[in-house]
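What follows is a single structure, written as structure tokens, with notes after it.
Whatever order the structure lists ligands and atoms in, that order sets their numbers, starting from 1. Just so it is clear, the values below take in all heavy atoms, side chains as well, and ignore hydrogens, waters and symmetry mates.
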Amino acid sequence: MRILLANGPNLSQLGHRSPDVYGTASISDIVAAVKRVHDDVDDFVTEYEGALIERLHRARTDGTAAVVVNAGALTHYSYALRDAIELIELPTVEVHLSQIAAREPFRHHSVISAVVDVTITGAGAYGYELAVLAARQLVAARHGAD
Ligand code: DQA
């Protein structure tokens, strides 16, 4: 089983970016920690909305069983991303390092939450591991229901 771990804009800057909010681990540190525990994770990092959407489209047909996505600020306004998540029809977990509900008002709403299965916020880097665990459960539940 392959799980896609996709990160959107500005997450490549973790470590340097607002460490008080996001912690000091880089995206490579976070991905490496996840892969130490889960050897079936494929990671993808991009600054581009279209590249993220194209990667999700590929996930529909490349054997990916589930998706974990931190879409960065696209979370709050990208209806194109929302539509992509909806159309691939894969179990999907939305993850945010920070507790977005406790931050600036524009971060309170996620336009993708309505089309994902699980949302994990505020657990920092560990949230990614929780998200992969949740993705695994979603796949098991979906297959159990087949
Ligand atoms: C984020 C929260 C978003 O509001 C922000 O734009 C990010 C990171 C998080 O992981 O907490 O880029 O998704």
Side-chain angles (χ1 to χ4, degrees), residues 1-60 62 64-142:
M1 158 157 88
R2 305 303 305 174
I3 297 175
L4 172 64
L5 175 53
N7 284 282
N10 299 309
L11 292 161
S12 66
Q13 301 304 302
L14 292 175
H16 155 79
R17 176 188 183 196
S18 308
D20 48 321
V21 177
Y22 298 116
T24 53
S26 68
I27 194 66
S28 325
D29 295 337
I30 292 173
V31 169
V34 170
K35 286 187 173 178
R36 268 197 293 279
V37 184
H38 304 278
D39 62 4
D40 53 0
V41 166
D42 299 314
D43 75 289
F44 180 74
V45 184
T46 183
E47 308 302 335
Y48 301 100
E49 180 181 22
L52 183 55
I53 289 168
E54 282 179 350
R55 184 65 190 88
L56 291 171
H57 289 173
R58 265 206 316 285
R60 189 177 68 80
D62 72 359
T64 298
V67 174
V68 171
V69 60
N70 184 346
L74 295 173
T75 301
H76 311 299
Y77 65 87
S78 176
Y79 297 116
L81 177 64
R82 179 209 186 280
D83 286 351
I85 292 169
E86 186 174 43
L87 77 86
I88 61 173
E89 296 184 320
L90 288 172
T92 300
V93 181
E94 171 184 3
V95 62
H96 301 284
L97 292 145
S98 65
Q99 180 57 289
I100 54 177
R103 298 183 61 199
E104 304 95 315
F106 78 89
R107 295 186 204 276
H108 294 182
H109 184 62
S110 163
V111 301
I112 67 171
S113 283
V115 293
V116 304
D117 300 283
V118 173
T119 301
I120 294 172
T121 65
Y126 187 56
Y128 281 81
E129 283 183 44
L130 295 175
V132 174
L133 285 173
R136 213 178 279 300
Q137 278 303 113
L138 290 166
V139 173
R142 191 177 278 204

Can you confirm whether the side chains of [X] and [Y] place a donor and an acceptor under 3.5 Å from each other?
| X | Y | answer |
| --- | --- | --- |
| E94 | S110 | yes |
| R103 | S98 | yes |
| Y128 | N7 | yes |
| H96 | R107 | no |

Just to confirm my output: which protein heavy-atom neighbour is closest to [atom], and how far is it?
| atom | result |
| --- | --- |
| atom 11 (O) of ligand 1 | S98 OG, 2.6 Å |
| atom 5 (C) of ligand 1 | R107 NH1, 3.2 Å |
| atom 9 (C) of ligand 1 | L97 N, 3.4 Å |

Under 3.5 Å, N or O to N or O, is R103 touching ligand 1 that way?
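Among all N and O atoms of R103, none is under 3.5 Å from an N or O of ligand 1.
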Does the N or O separation between V95 and ligand 1 drop below 3.5 Å for any pair?
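No; every N/O pair is 3.5 Å or more apart.
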Might you confirm whether atom CZ of R17 has over 12 heavy atoms from other residues, nucleotides or ligands at distances under 6.0 Å?
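Buried by this count: over 12 neighbours within 6.0 Å.
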Using a strict 4.0 Å cut-off to heavy atoms of I100, name the atoms of ligand 1 that fall inside it.
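Answer for ligand 1: 2 (C).
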Best match, H76, H96, Q13, R17: closest heavy atom to atom 7 (C) of ligand 1:
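Selected option, by shortest heavy-atom distance: R17.
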Non-hydrogen atoms of N70 versus ligand 1: any pair closer than 4.0 Å?
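So N70 counts as touching ligand 1.
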Go through V41 and V68 one step at a time and tell me if the side-chain contact (heavy atoms from CB on, under 4.5 Å) criterion holds.
CA-CA 10 Å; V41 166; V68 171; over 6 Å; no
